[in-house]
Amino acid sequence: QVQLAESGGGLVQAGDFLRLSCTASGGTFSRNAVGWFRQAPGQEREFIAAISGSGGTTLYSPSVNSRFTISRDNAKNEVYLRINDLQPEDTAVYYCAARYNVLARSTEDEYDQWGQGTQVTVSS
């Protein structure tokens, strides 16, 4: 059973960038598609991006612009989310989640394991 831990969040200024990491332990990581989600204060959790087990396929939310890039390094058991030009509206808790399936998907209920989240706060 894969376990996930997010890192890389923090307090940044508008215009900065961050690379969030999702580190997995247990299981064979290349068998897990991974998605990134975020939940802003007072809002529902929303899908950002997902990547297939091999890393060959990526999926992005239509509401996400090119500032977000998902990637993975299976040798390190890590998936990354790079966010460029951070804006105050990007303030949220960011979660990674894994599927027991290699195919990337965009809905929460298709994910089996979740990390605890990492806080990103963007000041204007």
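Looking at residues two or more places apart in sequence or on another chain, you find a side chain to side chain contact (heavy atoms under 4.5 Å, CB included) between Ser61 and Phe47, Ser63, Val64. Shown here are the side chain to side chain contact (heavy atoms under 4.5 Å, CB included) partners of Ala14, two or more places apart in sequence or in another chain: Pro88, Val122. Every side chain to side chain contact (heavy atoms under 4.5 Å, CB included) that Ser25 has, sequence neighbours left out, goes to Gln3. Listed by chain and number, the residues in a salt bridge (charged side-chain N to carboxylate O under 4.0 Å, His left out) with Arg19 amount to none (sequence neighbours excluded).
Glu6 places a side-chain N or O within donor-acceptor distance of the main-chain N or O of Gly117, the cut-off being under 3.5 Å. In terms of modelled atom types and a separation under 3.5 Å, the side chain of Ser71 and the main chain of Leu81 share no donor-acceptor contact.
Both tests pass for Arg82 against the ring of Phe17: distance under 6.0 Å to the centre and angle within 45° of the axis.
Within the structure, the disulfide (SG to SG under 2.5 Å) test picks out no pair touching residues 50-93 (sequence neighbours left out).
For the atom pair CG of Asn77 and OG1 of Thr28, the computed distance is 9.0 Å after rounding to the nearest 0.5 Å. Note: Arg72 CZ to Ser21 OG = 13.0 Å, rounded to the nearest 0.5 Å.
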Report, one line per pair, each donor and acceptor closer than 3.5 Å where one atom sits in a side chain of residues 31-41; sequence neighbours left out.
| residue | atom | partner | partner atom | Å |
| --- | --- | --- | --- | --- |
| Asn32 | ND2 | Arg99 | O | 2.8 |
| Arg38 | NE | Glu46 | OE2 | 2.6 |
| Arg38 | NH1 | Asp90 | OD1 | 2.9 |
| Arg38 | NH1 | Tyr94 | OH | 2.9 |
| Arg38 | NH2 | Glu46 | OE2 | 3.2 |
| Gln39 | NE2 | Gln43 | O | 3.1 |

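The nearest pair of heavy atoms linking Val2 to Ala98 is CG1-CB, 3.9 Å.
Dense packing is recorded around CD of Glu89, with more than 12 heavy atoms of other residues, nucleotides or ligands lying under 6.0 Å away.
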Check step by step if side chain to side chain donor-acceptor pair (under 3.5 Å) holds for Thr23 and Glu78.
-> CA-CA 5 Å; Thr23 303; Glu78 292 188 334; 3.2 Å; yes

